[in-house]
There are 2 protein chains.
Amino acid sequence: MNSASSNLTNNATAASGAVSPTAGAPATPAATAASTPVASVNTTTAAVSAPAATASPTFSPLYQQIKALITQSLQSGEWKPGELIPSEVELAGRFKVSQGTVRKAIDELAAENLVMRRQGKGTFVSTHHEARAHFRFLRLVPDEGVPHYPESKFIEVKRVRAPADVARLMDLKSGDAVIFIKRVQYFDGVPTIVEELWLPGLIFKGLTAERLVEYKGPMYGLFETEFGTRMIRASEQIRAVCADAGAAQLLNIDLGTPLLSSERVSFTYGDKPVELRRGLYLTSRHHYQNELS
Amino acid sequence: MNSASSNLTNNATAASGAVSPTAGAPATPAATAASTPVASVNTTTAAVSAPAATASPTFSPLYQQIKALITQSLQSGEWKPGELIPSEVELAGRFKVSQGTVRKAIDELAAENLVMRRQGKGTFVSTHHEARAHFRFLRLVPDEGVPHYPESKFIEVKRVRAPADVARLMDLKSGDAVIFIKRVQYFDGVPTIVEELWLPGLIFKGLTAERLVEYKGPMYGLFETEFGTRMIRASEQIRAVCADAGAAQLLNIDLGTPLLSSERVSFTYGDKPVELRRGLYLTSRHHYQNELS
DNA sequence: GAGTGGTCTAGACCACCCG
DNA sequence: GGGTGGTCTAGACCACTCG
């Protein structure tokens, strides 16, 4: 057994045979802990199939490998949303790398909102149960006054077979079981959003109208705690359309009123699509806010 | 004179009187270069008015101060868009800090798209004259086919006095001189965007219809090279509206066709607003693409 | 006071680019 | 071959939190 438990490929540090710990590369924790010669941790250990040339064809920095390992633990549920993950020092020990390397890995995870750092306390798994997170995916804000979360009224919740277009966007087969949800959202009692959602039936088995109704707060929070599926990012396409009869009735507006149409695909770990959402937004007293940078 | 040229406040490194370079904090470059005692660089030097307590009330990391200094040089035009800035090692020497600190400052500038790093070559000031940058502020992409840049036809270019609403959004006084531009943009010959722009007259003095017409490529490129004003970020508000007579005629569509309305304020260094842009987008064959993360 | 993340330094080596 | 950014390490100290 070498390099204890993990199969990391260290593409850095000397490629010139066994080196004494004092010269060249400094002694790695692995070397001191398991008294393994430095050379054994070097130049391709495992994981990636790399012909032992001077430059690895598939170069991946150590911190990226650490990042992938941490992401795996997040995905597997070893550390659940809202929980504290091990400290940087502890992770460094576990992975046999320096704290700085772990730090860089966590830096990127924090930048991607997978994790949240709090000085003096530790690093926490991000969760949708938070004021901060509520408006990450809801960009419709009132023209005047402070943003707040709308109330939901569910129109329909049923199990259906995925239409071809839905299946294509969600990486399913046409006819696969999906859960269909239709709801209207109200800001201060004014109906403003009519929304249709499709979710993979396999993952969201057991999602019923009752559970949706009794649950207060963002749906992504419910998905996260009840179904272990966390939305990481989303891709949205926006258009202007005219209200059809259905939308007009639900939003209590005239037929033909211009509405903002949004089609969103949300992804969980591994860029796996797990939600398709089609919304119509009434933008007479609200607008879609976007920051370009 | 101490700490040579710059007024950096080092809030780190020992607060316990003069320390020999070998113990405690390692000798700083400043100390070795100007043979200044370490203590002189510590506990409040200048810049920030800090009562000499144990913890500075206005704590600012060194790398943030470096970042601010680099940003100043960008803003002042010391390093122009597209140019190479000094290497990390050189900047470290200039500011009397370690390369790691400069590195962290530049990391943030790169994340904000103010500069671009290229391994083996150096760090470059970002520019709007680049394929990469072209679609950072243009989010309207075709439903099918690859995104490409539209052609412009200018309808109107004139000097006017800023209306109250425009002045408010641009941080001007009502009645201040502004340049008003109206244009239509075509994708593959199809009129798709009608846009009105307001620019501060003071900054964009000398901007004429001729210069706009003869200039090929994104307007932000022209603004950057001809007027020394670089757009850094923008804030956009999006709505759905109906085409009025003017828009319908210019876009060759029926009156009442739903259009996407965008109001955008763009900012340059120091979060100073320097452009107001109001656009109407025809979204029958294009959509506004947005990534949520 | 102990533990956590945050800053700063110094030095080594690697990947990449260009003359 | 020399210069640039990119990675990795090690160690010191600071700011913050909590018991």
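Residues passing the ring-ring contact (aromatic ring centres under 6.0 Å, His included) test with A:Y149 are A:H134, sequence neighbours excluded. The side chain to side chain donor-acceptor pair (under 3.5 Å) check on A:R132 picks up nothing, with sequence neighbours excluded. For B:A111, the side-chain contact (heavy atoms from CB on, under 4.5 Å) test picks out no residue, with sequence neighbours left out. Looking at residues two or more places apart in sequence or on another chain, you find a salt bridge (Lys or Arg N to Asp or Glu O under 4.0 Å) between B:K67 and B:E108, B:E112. B:T229 pairs by the side-chain contact (heavy atoms from CB on, under 4.5 Å) definition with B:I203, B:F204, B:T268, B:V274, not counting sequence neighbours. With sequence neighbours left out, A:S73 forms a side-chain contact (heavy atoms from CB on, under 4.5 Å) with A:E78, A:W79. Remark: B:E291 engages A:S235, B:Q289 in a side chain to side chain donor-acceptor pair (under 3.5 Å) (not counting sequence neighbours). Applying the side-chain contact (heavy atoms from CB on, under 4.5 Å) test to A:R139 and every residue at least two apart in sequence or in another chain returns A:Y288, A:N290, B:N290, B:L292.
Taking both residues in full, the closest heavy atoms of A:P147 and A:P142 are given as CA-CD, 3.8 Å, listed atom of the first, atom of the second, then distance.
Between B:Q99 and A:G100, the residue anchored closer to the 5' end of DNA chain D is B:Q99, taking for each the nucleotide with the nearest heavy atom.
Whole-Å rounding puts the A:M116 CE to D:dT17 P distance at 12 Å. At whole-Å resolution of the value, CD in B:Q65 and P in C:dG6 are 19 Å apart. Between the C1' atom of C:dT9 and the CZ atom of B:F95 lies a distance of 17 Å, rounded to the nearest Å. Look at CZ on A:R118: it is 13 Å from C1' on D:dC16, rounded to the nearest Å. In this structure, the CD1 atom of A:I66 is 13 Å from the C1' atom of D:dT7, given to the nearest Å.
When distances run from any side-chain atom of A:Y63 to the nucleotides C:dC8, C:dT9, D:dT7, the shortest one goes to D:dT7.
A heavy-atom distance below 4.0 Å to DNA chain C is reached by these residues of residues 103-112 of chain A, ordered by number: A:R103. Within residues 72-92 of chain B, no residue has any heavy atom closer than 4.0 Å to DNA chain C.
Looking only at atom types and distance, the side chain of A:Q72 has no donor-acceptor partner in the side chain of A:Y269 under 3.5 Å away.
Distances shorter than 4.0 Å separate none of the side-chain N or O atoms of B:R117 from OP1 or OP2 on D:dT4. Here B:T101 does not reach the OP1 or OP2 of C:dT7: none of its side-chain N or O atoms lies under 4.0 Å away. An OP1 or OP2 oxygen of C:dG5 is reached within less than 4.0 angstrom by a side-chain nitrogen or oxygen of A:T123.
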Could you go over nucleotides 17-19 of chain C and give all protein N or O partners under 3.5 Å, atom names and distances?
from: C:dC18; atom 1: OP1; to: B:K121; atom 2: NZ; distance (Å): 3.0

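Counting only residues at least two apart or in different chains, side-chain hydrogen bond (donor to acceptor under 3.5 Å, both in side chains) contacts with residues 82-93 of chain B comprise B:E88-B:Q99, B:E88-B:R103, B:E88-B:R117.
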